[in-house]
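Quick note on labels: first sequence line is chain A, next is B, and so on, each numbered from 1. Remember, it's a predicted structure, so these values are computed and weren't measured experimentally.
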Amino acid sequence: MVRVPARRRRAFQRRLLAWYRRSRRDLPWRRTRNPYHVLVSEIMLQQTQVARVVPKYREWLTRYPSIEALARAGAREVREAWYPLGYNARPLRLRDIARAALRRHRGRIPQTREELLALKGIGPYTAGAVLSFAFGRDEPVLDTNVRRVLRRVFLGEAARPADRALWDLAAALLPRGRAYDFNQALMDLGATVCTARRPGCRACPLARLCVSYPLAAGAAPQNPVTW
DNA sequence: AACACGGGGTT
DNA sequence: AACCCAGTGTT
């Protein structure tokens, strides 16, 4: 386990949320809490860049404005509507989720982690995203952005932590009642500042807290975080 | 733990 | 020609 002192945790939360207030991206799925809309965006965003998802997300919701409309669609049709996003099992699973919602959940997207994970196409990331973004629950997310930010800030660039440790860390850092903004902020920071290549440490609100930053600045390596 | 699964943008 | 991308399901 990674232990984070309360003082450092609060500084992390405060700096991240303050940065997000002024620097967040305006994305279409941040303008709704409709669980179906949120789910569509999250399935589309699996291993797929935001810029490529935005137009397809709008088209999809025009063509399939409701769970019922999607549930009625044929396999060929949804696959064509999905092209060229790739990972073409996703549109079929999304349609099957719509059908399962109608048959087993009164036409609604389920609101518990267990029920969400029981649906093919929804894994730990997407379950956390739906719970925090659509239902306002205090649940962490761990995607490629969050994984990179937490690894760099708390463990160092060279660390190869198991997912278990990063999920625990994401959960431990979560400010009560602020999961929506906190999770979005973490992903935004990873996507726009703490990028995989050429991270923008100069613009990073967490640089002063970051284990990796002293290395980037050419200073002596800092002690690794205690496990 | 490792691998397959799409396709397009970036370096 | 690699690398990367709001991961998931299957060995």
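Note on A:R164 versus A:D168: salt bridge recorded, some NZ/NE/NH1/NH2 to OD/OE distance being below 4.0 Å.
The minimum heavy-atom distance linking A:F182 with A:A170 is given by the pair CE2-O, 4.5 Å.
With sequence neighbours left out, the side chain to side chain donor-acceptor pair (under 3.5 Å) criterion links A:S41 to no other residue. Every residue two or more places apart in sequence or in another chain that forms a ring pair (Phe, Tyr, Trp, His ring centres under 6.0 Å) with A:F12 is listed here: A:F154. Every residue meeting the ring pair (Phe, Tyr, Trp, His ring centres under 6.0 Å) condition with A:F133, not counting sequence neighbours, appears here in chain and number order: A:Y180. By the ring pair (Phe, Tyr, Trp, His ring centres under 6.0 Å) test, A:W82 pairs with A:W60, sequence neighbours left out.
Here the separation of C:dT11 from B:dG6, taken at their P atoms, is 15 Å to the nearest Å. C:dA2 and B:dA4 are spaced 16 Å apart, taking the P atom of each and rounding to whole Å. Taking atom P in both C:dC3 and B:dC3, one finds a spacing of 15 Å when rounded to whole Å. A distance of about 23 Å separates the C1' atoms of C:dT8 and B:dG9, rounded to the whole Å.
A:T126 comes within contact range of the sugar-phosphate backbone alone, with a heavy-atom separation under 4.0 Å but no base atom that close. No engagement by A:R147 is indicated, since no non-hydrogen atom pair under 4.0 Å with the nucleic acid exists. Among the atoms of the strands shown, none is found under 4.0 Å from any heavy atom of A:W82. Note on A:L189: nothing from the nucleic acid sits closer than 4.0 angstrom, heavy atoms only.
No more than 12 heavy atoms of other residues, nucleotides or ligands lie within 6.0 Å of CZ in A:R79, so this atom counts as exposed by the packing criterion. Within a 6.0 Å radius of CZ in A:R108, other residues, nucleotides and ligands contribute 12 heavy atoms or fewer.
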Annotated protein contacts, base or backbone, on nucleotides 2-11 of chain B with a non-hydrogen cut-off under 4.0 Å, one of B, S, - each: ---BBBBB-S
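Where A:V50 and A:L119 each meet DNA chain C at their nearest nucleotide, the meeting point lying more 5' is that of A:V50. If you find the closest nucleotide of DNA chain C to A:G121 and to A:L45, the one lying nearer the 5' end belongs to A:L45.
Think of the region where chain A sits on DNA chain C: with heavy atoms and a 4.0 Å cut, that region ends 5' and 3' at C:dC3 to C:dT10.
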Evaluation steps, salt bridge (Lys or Arg N to Asp or Glu O under 4.0 Å), between A:D181 and A:R21: CA-CA 9 Å; A:D181 282 346; A:R21 260 199 308 281; over 6 Å; no
